Visitor: 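Sending over a structure as structure tokens; questions will come in a sec.
Residue numbers begin at 1 in each chain, while the letters A, B, ... track the order of the sequences. A quick note: this is a predicted structure, and the numbers were derived from the prediction, not measured.
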Amino acid sequence: MPKEIQVLFIDDEESIIDGIQRLFMREPYGIFATTSLDKAREALAHEKIKVVVSDYRMPTISGVEFLKEVKKDHPNIIKILFTGYTDFSSAEAAINEGEVYRFISKPWKTTELLSTIRQCIEHYDLILETKTSRDQLELSNTKLKSMYDTQKEFTSIVSHELRTPLASIKVAIDLIIQETVGPINSGQKDILTRAKEETDRLKRLIDDILDLTKIEVGKLRVNFLMNDVHRVITQVVDAQRNVAKKKGLYLKTDFDPKVPQVLFDSDRIIQVLNNFLNNAIHFTTHGGITVKTLDKSLENHILISVIDTGKGIAEKDLPKLFQKFQQIESAQENKKEEGTGLGLAICKEIIALHGGKIWVESKLGEGTRFNFTLPIQGQGVAYGQSK
Amino acid sequence: MDNQNNKKIVLLIDDEVNLRQLIKIALEAKNYQVETAGNGIEGLAKLETIKPDLIILDLNMPKMSGLEFYQIICYGGGKPKYPVLVLTARTHMEKLFTSVSIQGFMAKPFEISELLHTVDTIVQKK
């Protein structure tokens, strides 16, 4: 089987061509050596040439010109210039210009020439390999990204589509419970009330999935304004006070008067605070909840904490808290008003959009402290709209 | 509300047959006369024969969407001739309507008691 031609030699001296041909006979790759420019071009077009070695001085075209031509048509081919000692300085600039990989001076040392050509072939193979794997990576990256986008779009469409039939089911149940179409007995009412609770849960779940999807694709509109966080906390605390009172819990605030106004989207921060407070009230049976603020100007942020005297969270469960659809054991025990398992994941994204941090500290039996920070100096602005 | 013995008329435009029927039952129980249409074109046809006190309008409908219907009843840039309450499964569609004059907006799924309350308020104000 003939060896695949991988190296092309061009030199205007027949004697050199003969010498080259003999020299490379034992090499694992084939060479094509010629004095003819046309034949050289033909070989470039039809063979899988990896390395071109060209003489510097040729009658019709200079070696540098020829190598430039090679570079233009076959950018990956490794180019070598054969030069006599006398040509060296004049060839130097040309070498740079033609992106010549090496030059070999005449007369050459046999072992050097062979090892140089071998290195060139290895170099060529390596570049090709790198390029191929990079192309493959880019391709799979693009595919992944488009799959991710499709998935998010699908989630969004499905969530919207679910709302319409849910609306009908909800109205149907409500019409019967409210006895719009005639009286029902207490047993029937009990059953339908359970169905109603579940449709409401389904609605919350769809809302949360939509919220999270929007955040993940960077489509959540965030409206950053200079706001007083104490005003927003007071609003949320006032709204939740009765819920806490019913459970016999205190709900108080502990504001640091030095806390400055910062940039945030009050609707979104209310969403986070409500989530924290709901959890705190939910998992606390005695004592109560304190919402505390702290000015941390030196660290360029303000700190907001919701501290409860509840049962606490086991250390092993702490990392799961902000993950999607993760409800820890203690949360699953309480089936009364089930969460969606998405609330804290949404909080985490909202705070990230603001350029803040969110974390939880807890000890079993001693209570839990949910914290988040909001940057001072408006670093959050840069995180708006796009992601 | 019904002191002249002529019921207030609500035109309900929604392509969801079941939801349409259920809202109709709820409104009729509150003594409204309810006319229904499955899309904007049917809605326009209804307007040839009735003068509703309120139009409840779904946004996503085949043939003619709620938004197109709304633009047509505005007769070129003005306010619509009838009070409009928009219903939609899309959240945050309110923004689309901030520059136009509608009387109410409700996202599906909604509380039927809330819808009835809103309808009462709009019709009484008219």
Visitor: Tell me whether the count of non-hydrogen atoms from other residues, nucleotides or ligands lying under 6.0 Å of CE in A:Met226 goes above 12.
Guide: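 Atom CE in A:Met226 is packed in, count exceeds 12.
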Visitor: Mark yes when over 12 heavy atoms from residues, nucleotides or ligands other than A:Lys357 sit less than 6.0 Å from its NZ; otherwise mark no.
Guide: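 No - once you tally the heavy atoms of other residues, nucleotides and ligands closer than 6.0 Å, there are 12 at most.
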Visitor: Give a yes or no on this: more than 12 heavy atoms of other residues, nucleotides or ligands lie within 6.0 Å of atom CD of B:Glu28.
Guide: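 Counting neighbours around CD of B:Glu28, more than 12 heavy atoms of other residues, nucleotides or ligands fall under 6.0 Å, so yes.
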Visitor: Could you measure the distance from the OG1 atom of A:Thr164 to the CD atom of B:Glu16? Nearest 0.5 Å is fine.
Guide: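 That separation rounds to 5.5 Å.
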Visitor: Determine which residues belonging to residues 165-179 of chain A lie within contact range of chain B, meaning some heavy atom pair is under 4.5 Å apart, and list them by number or answer 'none'.
Guide: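 A:Leu166, A:Ala167, A:Ser168, A:Lys170, A:Val171, A:Ala172, A:Asp174, A:Leu175, A:Gln178, listed by number.
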Visitor: Is it true that A:Lys196 and B:Glu111 have a side-chain N and a carboxylate O under 4.0 angstrom from each other?
Guide: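 Counted as a salt bridge, because a side-chain N and a carboxylate O are separated by less than 4.0 Å.
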Visitor: Take atom OH in A:Tyr148; do more than 12 heavy atoms of anything else shown fall under 6.0 Å from it?
Guide: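 Yes - once you tally the heavy atoms of other residues, nucleotides and ligands closer than 6.0 Å, there are more than 12.
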